[in-house]
Amino acid sequence: MTRLSRYFLPTVKEAPADAEAVSHKLLVRAGLVRQVGSGLWTYLPAGWRAHRRAEQIVREELDAIGAQEMLMPVLHPAELWQRSGRYEIDELFKLEDRRGAPHVLAMTHEEVVTLHVSRDVRSYRDLPQILYHFQIKERDEPRPRAGLLRTREFIMKDSYSFDRDREGLDRQYDLHLGAYDRIFERTGLEWYRVESDVGMMGGHGAHEYMAPCAAGENDVALSGAGYAANVEVASATPQAVDGLPAPLGAPERVETPGATTIEQVAGLLGVPAGALVKAIPVMTEGSGPLLVVLRGDHRLNEIKLANHLGSAVRPATDDEVASEFGSVPGFIGPVGAKAPVLADEALRGLAGLVAGANDRDLHLRGVEPGRDFEPAWGDVRRVEPGDTCPRGGEIRIEPAIEVGNTFKLGTRYSEPLGATYLDEQGTEQLIQMGSYGIGPARILAAAVEQYADEAGISWPRSLAPWDVELVGLGKEGEEARDVAERLYEELSGQGLEVVYDDRSASPGEKFADAELLGCPLRLTVGRKGVEAGEVEAQVRRGREKRAIPLDGAAAAAAGLWRELP
RNA sequence: CGGGGAGUGGCGCAGUCUGGUAGCGCACCCGGCUGGGGGCCGGGCGGUCGCAGGUUCAAAUCCUGUCUCCCCGACCA
């Protein structure tokens, strides 16, 4: 019997002064977690119960697609990470053992799982495989934040698929998407799956599972037409520019003294920002200077740019603007540019534009891409709210927290780590890999963010540390307490997990704590109710109360509970 | 890494400018009352003022250095 009088559930009235995010405040206030250091958290007993419930949902759905649970260590020899080329990552904790041998603390487990597969998979007959574990990840984050949302140490479910070919990988990937869809449906979260960036480390496809919430770190582009993509990769048709000036036969120079920003130039010339050409000088890793031009009211998406170019980019310095671009900061433009020009697709077909003249205090008007300069074209802008998505709906952008991700890795790790098999012809082939992550802690934090109200947490039924909080009023020895004890047994008999508040605190304090903790159903047994032959039931989501007859109360409560979200 | 803020009983804060016996609320302990929305009365316990050095008769307070934490941004296989 879980009695609150003997349970370590230290609730507090005031949130930590430095907490900002709702989930951070409430998880601490409700006594579920405590901070140890920056980005380092302890789960107290009730918080760990919730974490295990999230884990169990994930475990059941992965087992259902044939994934096999195992456990790999957190401490790895550095050599593995040197072989995969990831030893230089800044977020990787590095340390030495007593003999001075370099080790790392794992931030993920591709290296180790691939090591095992490389050693023990010989034949196509040994494939496919899906292996997974729940294990602590260590990442030396530059800035942990918002309680559990971004920590330096956290538990992740990471699974890995191994196949003989790309078709097999695609199948395993789709199996995972199905399992993930079911997992997030079961958590009770509001969620969506979005296309995501595969990152510079390669791969052939990636999705992210996002839970929308105010404290989210990612921006997601959504539309009513069912489109959902991380803004890092989202594409859309831009809104038209209102009030575009009439085209000219040829560009004309116009004096714009001191006007170095889009707003200043637009204001000075009386044209909308969208009539300007925004020119961004960048240095690319491989091929030197590049002038990227966008519509004046658009923003550069550096990830889309890097993906388009296939190499990393950085902004050019003012010195480079002079030496490499032959221009002046604030007055850069594509007409007569010294460097190659890459134009965003949104500029295609426009005329009568205003662009920098590459001379101090001068712009050009009547500029027309394709006539006055000949760029390479690419979609490198950030989508904006109001754009039209590929499926025809209007784009809106919302913050969200990433709760899961899936990557088609291909041979990114099997190649450097030598994970191969022999096919039917006896030919050695590289194994095709996928990797798939879920952070149970983020599921919890997102649930708190999404459903909290002024009284505290309001768990979905699937994640709550207990199904029912039973509040016993009155003093020890009074009849109501005996009734509460009996009801506890009956509720347990109905298969419900119950926490019983048997403390000698005041009713108000118990109610406040119960609502802070957020179990989906609260049952209150007090003298008044017992005399009337009733128990009070309060559904946490919405906080509405109703009386249920004491006779058969457990079965009625169980029925009510099953109806809850 | 850039910018901003904060370290004083368990939590939230005042005191620092202007150096002079370390305070308040909550929590906690004891006793009593109360018993359906964080209740009341009385009595208590608990603090190297982040750390180190310096100035001074005297430092939470002034000076120097340093550590830690938070927020915004950058970053985030």
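Chain A is the first sequence line, chain B the second, and so forth, proteins listed ahead of strands; every chain is numbered from 1.
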Output yes when at least one side-chain N/O atom of [X] is less than 4.0 Å from OP1 or OP2 of [N], else no.
{"X": "A:Q35", "N": "B:C70", "value": "yes"}
{"X": "A:R143", "N": "B:C72", "value": "yes"}
{"X": "A:S84", "N": "B:A77", "value": "no"}

With no hydrogens and no angle check, is any side-chain donor or acceptor of [X] less than 3.5 Å from a backbone partner on [Y]?
{"X": "A:R540", "Y": "A:I457", "value": "yes"}
{"X": "A:R522", "Y": "A:V539", "value": "no"}
{"X": "A:H109", "Y": "A:A106", "value": "no"}

Whole Å only: how far is the [atom1] atom of [X] from the [atom2] atom of [N]?
{"X": "A:M107", "N": "B:C75", "atom1": "CE", "atom2": "P", "answer": "16 Å"}
{"X": "A:E302", "N": "B:G73", "atom1": "CD", "atom2": "P", "answer": "16 Å"}
{"X": "A:D140", "N": "B:C1", "atom1": "CG", "atom2": "P", "answer": "11 Å"}
{"X": "A:E469", "N": "B:G36", "atom1": "CD", "atom2": "C1'", "answer": "15 Å"}
{"X": "A:R34", "N": "B:C69", "atom1": "CZ", "atom2": "P", "answer": "18 Å"}
{"X": "A:F511", "N": "B:G36", "atom1": "CZ", "atom2": "C1'", "answer": "5 Å"}
{"X": "A:D18", "N": "B:U68", "atom1": "CG", "atom2": "C1'", "answer": "12 Å"}
{"X": "A:E141", "N": "B:C70", "atom1": "CD", "atom2": "P", "answer": "13 Å"}

With a 3.5 Å cut-off and no angle check, do the side chains of [X] and [Y] form a donor-acceptor pair?
{"X": "A:N230", "Y": "A:S196", "value": "no"}
{"X": "A:D163", "Y": "A:Q172", "value": "yes"}
{"X": "A:R86", "Y": "A:Y413", "value": "yes"}
{"X": "A:T2", "Y": "A:Y7", "value": "no"}

Classify [X] by what it touches in the nucleic acid, base, sugar-phosphate, or nothing, heavy-atom distance under 4.0 Å.
{"X": "A:A505", "value": "base"}
{"X": "A:S504", "value": "base"}
{"X": "A:A146", "value": "sugar-phosphate"}
{"X": "A:R522", "value": "base"}
{"X": "A:R481", "value": "nothing"}
{"X": "A:T108", "value": "base"}
{"X": "A:D513", "value": "base"}
{"X": "A:P10", "value": "nothing"}

Among the candidates [options], find the nucleotide nearest to the side-chain atoms of [X].
{"X": "A:K13", "options": "B:G39, B:A77, B:G37", "answer": "B:G39"}
{"X": "A:E20", "options": "B:G25, B:G38, B:C71", "answer": "B:C71"}
{"X": "A:S506", "options": "B:A77, B:G36, B:G39", "answer": "B:G39"}
{"X": "A:R145", "options": "B:A77, B:C72, B:G38", "answer": "B:C72"}

Distance, [atom1] atom - from [M] to [N], rounded to whole angstrom:
{"N": "B:G39", "M": "B:G35", "atom1": "C1'", "answer": "9 Å"}
{"N": "B:G19", "M": "B:A58", "atom1": "P", "answer": "15 Å"}
{"N": "B:G9", "M": "B:A60", "atom1": "C1'", "answer": "14 Å"}
{"N": "B:C45", "M": "B:G38", "atom1": "C1'", "answer": "23 Å"}
{"N": "B:C41", "M": "B:U55", "atom1": "C1'", "answer": "50 Å"}
{"N": "B:U64", "M": "B:U18", "atom1": "P", "answer": "15 Å"}
{"N": "B:A14", "M": "B:U61", "atom1": "C1'", "answer": "14 Å"}
{"N": "B:A59", "M": "B:C49", "atom1": "C1'", "answer": "11 Å"}

Whether the side chain of A:E509 and the base of B:G39 hold a donor-acceptor pair under 3.5 Å is what I'd like checked.
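Checked by distance alone, the answer is no.
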Does a distance-only test, which skips hydrogens and angles, find a donor-acceptor pair under 3.5 Å between the side chain of A:K545 and the base of B:G37?
yes
Who does [N] pair with, Watson-Crick or G-U, both distances under 3.5 Å?
{"N": "B:G38", "answer": "none"}
{"N": "B:A6", "answer": "B:U68"}
{"N": "B:C62", "answer": "B:G54"}
{"N": "B:G47", "answer": "none"}
{"N": "B:C1", "answer": "B:G73"}
{"N": "B:C13", "answer": "B:G23"}

Ring centers of A:W81, A:H103 separated by less than 6.0 Å:
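Distance test on ring centres: not under 6.0 Å, no.
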Please tell me which of A:A17 and A:E232 maps to the more 5' nucleotide of RNA chain B, matching each residue to the nucleotide holding its nearest heavy atom.
A:A17
Hey, which of these two, A:E91 or A:A21, hits RNA chain B nearer its 5' end, going by closest nucleotide?
A:A21
Assess whether a salt bridge exists between A:R382 and A:D219, defined as any Lys/Arg side-chain N lying under 4.0 Å from an Asp/Glu carboxylate O.
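A salt bridge links A:R382 with A:D219.
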